[in-house]
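A quick note: this is a predicted structure, and the numbers were derived from the prediction, not measured. The figures that follow rest on heavy atoms only: side chains count, while hydrogens, waters and symmetry mates do not.
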Amino acid sequence: MRTKPVLLVIAHGSRDPRHAATVHALVRRVRSLRPGLRVETGFLDFNIPSVHGVLESLAAEGVRDVVALPLLLTRAFHAKADVPAVLREAPPQLRIRQADVLGPSPLLLSALERRLHEAGLAPADRSSTGVVLASAGSSDPEAIAVIANLAREWWQTGWCAVRPAFASASLPRTEDAVRELRELGCARVAVAPYVLAPGFLPDRIARGAAQADVLAEVLGPAPEVARVLLERYDAARIPALAALGA
């Protein structure tokens, strides 16, 4: 029986210790959902173990098949350049397949709603509440378009309005989107951070939400996020095994 490929979760890393702690909490939830799957974590920067170090260790153990999953919500620079670059430096005996990024996914919308409800919004508040979908931001037009499309899709589920906002590289900022929803006449304004872990940019989102009524937590180890990780792993793993005749 062929061994399942190892799932290597690739996180960006941060000087903020909350970032790595949240990534590890998410990985623990993934392991709890699929106990027979080996899941490892590597960081591109700031934290250990590094992606390269994990790949070296796996190769030394005799592991051959790896699914590398970027812990990213959009296909921006890190997914298109940084992750492929570090995977190209992997030991040659490893067969590595890069999984897709997490977003977009209906499960992530469910996770956003979970966080808003945990922050105090009730289902009955939906039609009178404007939501700021606040992401980290990117200079990549594809990534910005994904966030804008997600905001439109979410608005169609019954919110008063949904506006995208960005903590860096793009406009509008969170505080500008909050102001716009106030002017639009929404009875209350909520900010939903579309980010996976705490850090510098999520803190900027939080500061921009100072005039909002509700600020949700980051997505973090929400069960829906863990399920998306496993969906992306399965989608990458099955073609890889088919190619190997498994």
- [ ] State plainly whether the residues E118 and R115 are in salt-bridge range, i.e. N to O under 4.0 Å.
- [x] yes
- [ ] Mark yes or no for whether N47, through its side chain, and A20, through its backbone, hold a donor-acceptor pair below 3.5 Å.
- [x] no
Task: Nearest heavy-atom neighbours spanning I147 and L133 - done: O-CD2, 3.8 Å
Task: Connected hydrophobic set around I48, excluding itself, where side chains approach under 4.5 Å - done: none
Open item on the list: Whether R38 and E61 form a salt bridge (side-chain N of Lys/Arg under 4.0 Å from carboxylate O of Asp/Glu) is what I want to check.
Closed with: yes
Open item on the list: Closer than 3.5 angstrom, by distance alone: can the side chain of R97 be matched with the main-chain N or O of R237 as a donor-acceptor pair?
Closed with: no
Open item on the list: Check this for me: does any side-chain nitrogen of one of K4 and D234 sit under 4.0 Å from a carboxylate oxygen of the other?
Closed with: no
Task: H24: ring-ring contact (aromatic ring centres under 6.0 Å, His included) partners, not counting sequence neighbours - done: F43
TODO: State, yes or no, whether a side-chain contact exists between E113 and W154 at a heavy-atom distance under 4.5 Å.
DONE: yes
- [ ] Can you measure from CZ (R227) to CG (L107) and round to the nearest 0.5 angstrom?
- [x] 4.5 Å
Open item on the list: Please report the interatomic distance CG(L102) to CG(L69), rounded to the nearest 0.5 Å.
Closed with: 6.0 Å
- [ ] Show your reasoning for whether side chain to side chain contact (heavy atoms under 4.5 Å, CB included) applies to Q211 and E175.
- [x] CA-CA 7 Å; Q211 300 304 313; E175 53 269 33; over 6 Å; no
Task: Side-chain ion pair, R163 and D176, N-O less than 4.0 Å - done: no
TODO: Decide side chain to side chain contact (heavy atoms under 4.5 Å, CB included) for K80 and D140; before the verdict, give the C-alpha distance in whole Å, the side-chain angles of both, and the deciding distance to 0.1 Å.
DONE: CA-CA 10 Å; K80 294 177 178 178; D140 188 309; 2.9 Å; yes
TODO: Check whether any side-chain N or O of S168 sits under 3.5 Å from a backbone N or O of A136 as a donor-acceptor pair, and report yes or no.
DONE: yes
Open item on the list: I'd like to know if the side chain of R31 reaches the main chain of V39, judged simply by a donor and an acceptor atom lying under 3.5 Å from each other, with no hydrogens or angles considered.
Closed with: yes
Task: Smallest separation among heavy atoms of T41 and V54, with atom names - done: O-CG2, 3.5 Å
Task: Residues D45 and R15 bridged, charged N to O under 4.0 Å - done: no
TODO: Before accepting this row, confirm whether a basic side-chain N of the pair D65/R95 lies closer than 4.0 Å to the acidic partner's carboxylate O.
DONE: yes
TODO: Output, in order, the C-alpha distance, side-chain angles, deciding distance and verdict of side chain to side chain contact (heavy atoms under 4.5 Å, CB included) for L108 and L73.
DONE: CA-CA 9 Å; L108 294 177; L73 294 170; 3.9 Å; yes
Open item on the list: Contact between S138 and F166 at the side-chain level, heavy atoms closer than 4.5 Å - yes or no?
Closed with: no
TODO: For T129 and D125, indicate whether the former's side chain and the latter's backbone hold a donor-acceptor pair under 3.5 Å.
DONE: yes
